[in-house]
Amino acid sequence: MTEMPGTTGLLINEPLLWKKGRKGRSGFSIPKQDIPSYPLEEALTYGGPDFPDLCEVDVVRHYTRLSQWNFGVDTGMYPLGSCTMKYNPKTNERQAALPGFALAHPLLPEELCQGVLELIFHLQHYLAEITGMDAVSLQPAAGAQGEFSGMLIIHAFHRKKGAPRSKILIPDTAHGTNPASATLCGYRCVPVKSSERGIIAHETVASLMDDQTAGIMVTNPNTLGLFENNIIKIAKIVHEKGGIVYCDGANMNALMGIVNMGSIGIDVLHLNLHKTFSTPHGGGGPGAGPVCVRKDLEPFLPVPRIVLENGRFILSEQFPDSIGKLHAFYGNVGVMIKAYSYILSMGPDSLKKASQLAVLNANYIKEKLKDLFFLPHDVRCMHECVFSDEHQRKLKVTTLDIVKRLMDFGFHPPTIYFPLVVDGAMMIEPTETESKENLDLFIEAMRTIAGEAEIHPERLKDAPTRCKVKRLDEVAAARKPCLSG
Ligand SMILES: *Cc1c(COP(=O)(O)O)cnc(C)c1O
């Protein structure tokens, strides 16, 4: 068999630092003391922190070993559906680390951070152009906060008209954060069942939309990796009833330079810079979830906004209809710098090409695996494809077993058991940054696993066997977390 990336490795055990420490060891030598000593512990009423004493090599090895237990997109393919774990070119990190940016303190007066403000100002324009929306705020610090800001904007819009509304339509193929954001904003979520084709039928929206419904929150492409083909008709229905169309654009990696969100009827959209526009993520942050709006919703954008006044960039709060401030300062500026660097280094043609390749790669995997894994929607997909364990379940092998085995072959598992509308889902998003050779290795690993399910199902039950950590009891880990090692 072809040699898989995950088949060999020297992974070294490593205890907690407290087990390695020895009293009196230190990371550096200091000159002999020539003043009277004063024990630090006595100065601290609580007795001082319990830090282990370690020499430099212990500390370096500790963190290097731990880093080798980790898996990231720099180690291998990370086909996590609904998450766009693409490779992030290092030049973007380098630009964000330039001292003028990296050392800029958020409390600097405007005249001393004109460069950062100018960059954010231009990035807003680029994002408006890429999405076809009119105005952008880069303040939200995550996709979910972008959604929440969008909900607040929709709420403020209806309130300003003197007719607040109470409900919002959310399809069953929406991302899980969508109902959470809408609920947090006080809306009651009305589920919209997708059709047997995996997309929303406009007739269903028409039957649910009324004058108490603030609008619809669509994830497009949706979590089945399908483009909502009826979006123009859906937007028309929602608009005719005075509602607003929100689009979760975290999956923009499928559409850059291809779909103009403004012209298909989207009024409010959020993006995930940390997915589409090249910031490493997966450890929980930092991120940026800019919210983009059409012209007449611009007054509601969060403040401060960056305004160009007499040739200078200022942070202005002079927007009386604004939903207000989302947090201290201006969001995760480092992520914005990386996105700016990414957009400029790619240019419009390459951004479009990136989306085309992301879609091509997902379709390639879909076609190469659909004879062995059940494909609930056998149509052309966007940037991700969703399989299920329906065939393997008959052999008592589940999605969890399949993806655990994938780790033995050196691949990060895809997103599993999501979207909820597919039983035992495996949601695979290869992204445009994987070569055909890598995709072929992944496909071969999946095909090998499908074969093992037939003849050696026990191999899958024990998997992973080659990883540092073997099969975990995930229920116990969640219910009885052991945080002390
Ligand atoms: C990732 C994602 C989100 C949430 O983004 P966070 O930055 O994790 O808050 C929302 N919607 C979709 C479709 C996503 O893929």
Side-chain angles (χ1 to χ4, degrees), residues 73 78-86 88 127 131 137-152 168 170-185 189 194 198-200 216-228 231 245-256 259 261 266 268-292 326-327 331-332 334-336 338-339 355 358-359 362 381-386 412 414-422 425 427-431:
V73 76
Y78 206 138
L80 202 60
S82 196
C83 216
T84 313
M85 302 299 275
K86 57 163 102 174
N88 305 287
L127 295 175
T131 55
S137 166
L138 277 157
Q139 256 196 61
Q145 201 182 26
E147 293 167 24
F148 182 57
S149 321
M151 288 299 108
L152 290 174
I168 192 129
I170 305 197
D172 53 10
T173 49
H175 192 264
T177 46
N178 289 192
S181 305
T183 305
L184 206 58
C185 189
C189 302
S194 43
I199 56 173
I200 325 165
I216 190 167
M217 202 175 183
V218 202
T219 302
N220 200 11
N222 67 26
T223 57
L224 287 168
L226 304 179
F227 188 77
E228 291 291 353
I231 188 71
V245 180
Y246 182 95
C247 178
D248 177 330
N251 293 333
M252 194 71 194
N253 211 44
L255 306 178
M256 285 184 295
V259 174
M261 293 294 198
I266 307 300
V268 187
L269 169 89
H270 91 263
L271 298 171
N272 273 32
L273 295 193
H274 48 289
K275 291 180 185 167
T276 315
F277 298 95
S278 186
T279 276
H281 65 288
V291 59
C292 317
L326 293 174
H327 47 63
N332 290 316
V335 178
M336 300 173 203
K338 287 178 225 179
S355 283
V359 171
C381 65
M382 300 301 288
H383 60 304
E384 59 197 1
C385 52
V386 179
H412 194 285
T415 297
I416 53 171
Y417 299 108
F418 185 82
L420 303 175
V421 287
V422 174
M427 192 187 198
I428 301 171
E429 179 178 358
T431 84

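Counting starts at 1 for both ligands and their atoms, in listed order. The structure presented is a predicted model; accordingly, all values stated were derived computationally and were not measured.
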**OP:** Among all protein heavy atoms, pick out the one at the shortest distance from atom 11 (N) of ligand 1; state its residue, atom name and that distance to 0.1 Å.
**Re:** Asp248 OD2, 2.5 Å

Subject >> Closest non-hydrogen atom pair between Val291 and Ser149, with its separation >> reply: CG1-CB, 4.2 Å

Original post:
Does some side-chain heavy atom of Glu228 sit less than 4.5 Å from a side-chain heavy atom of Asn222?
Top reply: yes

Original post:
What pairs with Ala362 under side-chain contact (heavy atoms from CB on, under 4.5 Å), at least two apart in sequence or on another chain?
Top reply: Cys381, Pro430

Original post:
Can you tell me which residue and heavy atom of the protein come closest to atom 9 (O) of ligand 1, and the distance to 0.1 Å?
Top reply: Ala144 N, 2.8 Å

Subject >> Geometric class of the His281/His274 ring pair [parallel <30°, tilted 30-60°, perpendicular >60°] >> reply: perpendicular

Original post:
What part of Gln145, side chain from CB on, backbone N/CA/C/O, both or neither, has a heavy atom under 4.0 Å from ligand 1?
Top reply: neither

Original post:
Any side-chain donor paired with an acceptor under 3.5 Å for Glu429 and Thr84?
Top reply: yes

**OP:** Could you tell me the residue and atom name of the protein heavy atom closest to atom 6 (P) of ligand 1, and the distance to it rounded to 0.1 Å?
**Re:** Gly143 N, 3.4 Å

Original post:
Any N or O of Ser82 that comes nearer than 3.5 Å to an N or O of ligand 1?
Top reply: yes

Subject >> Proximal ligand 1 atoms for Thr177, defined as those under 4.0 Å from one of its heavy atoms >> reply: 3 (C), 4 (C), 10 (C), 11 (N)

Original post:
Which of the numbered atoms in ligand 1 are below 4.0 angstrom from a heavy atom of Thr219?
Top reply: 13 (C)

Subject >> Polar contact flag, side-chain donor to acceptor under 3.5 angstrom, Asn88-Lys338 >> reply: no

Original post:
With a cut-off of 4.0 Å, which atoms of ligand 1 are near a heavy atom of Glu147?
Top reply: 10 (C), 11 (N)

**OP:** Kindly indicate, with the supporting measurements, whether the criterion side-chain contact (heavy atoms from CB on, under 4.5 Å) is fulfilled by Asn251 and Met382.
**Re:** CA-CA 9 Å; Asn251 293 333; Met382 300 301 288; over 6 Å; no

Original post:
Taking atom types as modelled, is there a side-chain donor on Thr219 or Asn178 under 3.5 Å from an acceptor on the other?
Top reply: yes

Original post:
For atom 2 (C) of ligand 1, which protein heavy atom lies nearest, and how many Å away is it?
Top reply: Lys275 NZ, 2.3 Å

Original post:
In ligand 1, which numbered atoms sit nearer than 4.0 Å to a non-hydrogen atom of Ala142?
Top reply: 7 (O), 9 (O)

**OP:** Enter the distance from Met336:CE to Leu273:CG here, rounded to the nearest 0.5 Å.
**Re:** 7.5 Å

Original post:
Which residue and non-hydrogen atom of the protein lie closest to atom 5 (O) of ligand 1, and at what distance in Å?
Top reply: Asn272 ND2, 3.0 Å

Original post:
Can you find a non-hydrogen atom of His274 under 4.0 Å from ligand 1?
Top reply: yes

**OP:** Using distance alone, determine whether Ala250 and ligand 1 share an N or O pair under 3.5 Å.
**Re:** no

